[in-house]
Amino acid sequence: MNPLITLRIALRALMRNSMRSFLTTLGIIIGVAAVIAMMAIGAGARAQVQAAFAAMGTNLLILLPGSTTAGGSHGGFGSMPTLTWEDLTAIQVELSSVKAAAPTLRSNQSLISDENNWTTSVTGTSPEYFGIRNWPFENGAGFTQGDVTAGAKVVVLGKTVVDRLFGKRVDPVGQTVRVGNTPFSVVGVAAAKGQSSTGQDYDDAAFIPYTTFARRIQGGLSKYLSGTVFIQAVSTEQTPRALADITRLLRDRHKLGDGQEDDFSIRNLNEVAGAQQQGTDTITNLLASVAAVSLLVGGIGIMNIMLVSVTERTREIGVRMAIGAKPRSILLQFLIEALVLSVVGGIIGVVLGVGIATWLASKFQWPIQIQVDVISLSVGFSGLVGIVFGLFPARKASQLDPIDALRYE
Amino acid sequence: MPIIEITDVVKTYQTGDVEVHALRGVSLSIDEGEFVAIMGASGSGKSTLMNIIGCLDRPTSGAYRLAGREVSGLNRDDLAEVRNQVLGFVFQNFNLLSRTSALENVELPLLYRGIHGKERHRRAAAALERVGLAGRLDHTPNQLSGGQQQRVAIARALVGEPKVVLADEPTGNLDSLTSVEVMALFQELQSTGITVALVTHEPDIAEFASRVVVVKDGLILSDDRQTPSSARVALDELLAAKAAGGAA
Ligand SMILES: Nc1ncnc2c1ncn2[C@@H]1O[C@H](COP(=O)(O)OP(=O)(O)OP(=O)(O)O)[C@@H](O)[C@H]1O
Ligand SMILES: [Mg+2]
């Protein structure tokens, strides 16, 4: 028996009952649409978290002065500086697992242009900082090591600060901004980065050399580094090693004995990102399993209707057998009917699911991500559902005796 | 040369504790090109015999040779093939697929034979033309009269060029005029060499056959050859009488 001809027979049989065919497949349509929409939303959330952490910087460790208490919360931050500038140099020079390290000294300051003023977070740092945080420049460039050595009065502005001080679509490079009473020359504008995962605006910031910061804002360079250090490991695999290396180096330099706690703490942003991602993945998987269950229910719906259909069409089966249909043809016909129903339902479900996801994305500004592999998997799975749940009714139909089927009332 | 040859066929139905002996040892030989009418009282076993001849059912015991081949021991697949290639069926209640055009109904046996597109189409259309329904190809059964539906069923039976056409009370649901029309079609089939066997209750219908077999209580009571009357002539007479009646 030619499968193409059987396909034709099955399609004709489905067309004869197009309304019922549609209702039969509704379960699959809803199930697949739910899976697609859930996965698109989940993947979108995942990508957003990923992007937020990528914006922080990749393979990033943040070194904070002060110890962690026994309870795990961070205590004494800022109150008792324990990191020295020599510690930073040691980290930069001695550790092969560390690619770059930049100090960050922070203070909120009023910035004043000719027209406006704006209070923002001013960070004193080194040129490496922008590399560590994957932060390109929209205009101009960062300051240089020379600027750091000289304690130059140069500033890199974030996009929000530029907007506030100079207005949109203005290139402020070369202009002067006063920080407090000190005039700074704008050398660069950092490209827009958007918000952090906690909603903080990355672009509401200004950056100056840390030497300038220490002298102009902190009132002199001391032995201690009263801020944090951003450290980039050489690779994702090397990040845990970098963390261990830094810990060992600092404990050694601070002469901490075996029983003593660290007088600093290090946060591994990769781990935080991983934890957040696991959170979104868990929710996505939960939603997707609920959707998958509805897909299963859809499959049972198909089996149910196919069984009814076999009973209802017993005479038809008898007629087909009387004019020469082999049991195998009948089996194949009903199997293909179930398969067509579920696959067509799956395809309609994909379209519907993509539509729902797109609608949600535009209505609620949800970040969605439609994945081709999820689509092909859903259609494949609904096909499988069709075969599995179609097999029983199809077997039942094919095992009918022609004479019994013809006599069936 | 016999095309149908059944020997000592017994069919016993088991319903609960009761055994029903529908056929008690029937032997019957039908030659190629014969037109046999099977008659008998209700419950005498006509349909049972017909179903066995039609390979829809298997005898409890006995032998059956169809077109020179022993078929009583064939499996389901082989029987399906025999029904598709050698036999054509016409039922009392037409048994057309609903919501399916006349053409598609007639195409069905060819579809199961694996005959493709154009050829299948052409042959089905030709079969419908042969039964006088050339203009009704796209009609579905509920758009056709009983007589027309039965003609579609006959077209479906003959489209595969069978050796034997079997019909169980094909005129049972039709009025006398359409019954004669249908019988004229069967006589035409016979004239092209097809063997026809049909079950009927009505002696008027049996007149058009060349042989009448009477069954009683699962046995053959009588088996007589006769000169058939022409259904064409009978039809013309009926139509003339109707026209006269209408004029009067
Ligand atoms: N599937 C079956 N199970 C049990 N008994 C059956 C079955 N089919 C037929 N019979 C019995 O076999 C006998 C012959 O039945 P059959 O249908 O051949 O009669 P028939 O001559 O065709 O009658 P009618 O003219 O009413 O159609 C009857 O007594 C009937 O009750
Ligand atoms: Mg009967």
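So you know, we letter chains A, B, ... as the sequences are listed, proteins then strands, and number each from 1. Side chains included, hydrogens not; waters and symmetry mates left out as well; all remaining heavy atoms used.
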Give, as side chain, backbone, both or neither, the part of B:Thr140 having an atom under 4.5 angstrom from any heavy atom of chain A. neither
For chain B, which of A:Glu316, A:Arg313, A:Arg16 has the most heavy-atom pairs under 4.5 Å? A:Arg16
Counting only N and O atoms by type, is there a donor-acceptor contact under 3.5 Å from the side chain of B:Arg83 to the main-chain atoms of A:Met321? yes
Contacting region of B:Arg58 [heavy-atom separation from chain A under 4.5 Å]: neither
Min side-chain heavy-atom separation A:Lys326-B:Asn84 under 4.5 Å: no
Rounded to the nearest 0.5 Å, how far does CD of A:Gln399 lie from CZ of B:Arg76? 7.5 Å
For B:Phe91 and A:Ala322, work out which heavy atoms get closest and say how close. CZ-CB, 3.9 Å
Top residue by heavy-atom pair count (under 4.5 Å) with chain A, among B:Leu87, B:Asn93, B:Leu96? B:Asn93
Atom group of A:Asp401 that falls short of 4.5 Å from chain B, counting heavy atoms: both
Can you tell which part of B:Ile115 gets under 4.5 Å to a heavy atom of chain A, answering side chain, backbone, both or neither? backbone
Spacing of A:Arg320 atom CZ and B:Asn95 atom CG [to the nearest 0.5 Å]: 12.0 Å
Under 4.5 Å from any heavy atom of chain A - which part of B:Glu104: both
SB check A:Arg12 B:Glu107 (cutoff 4.0 Å): yes
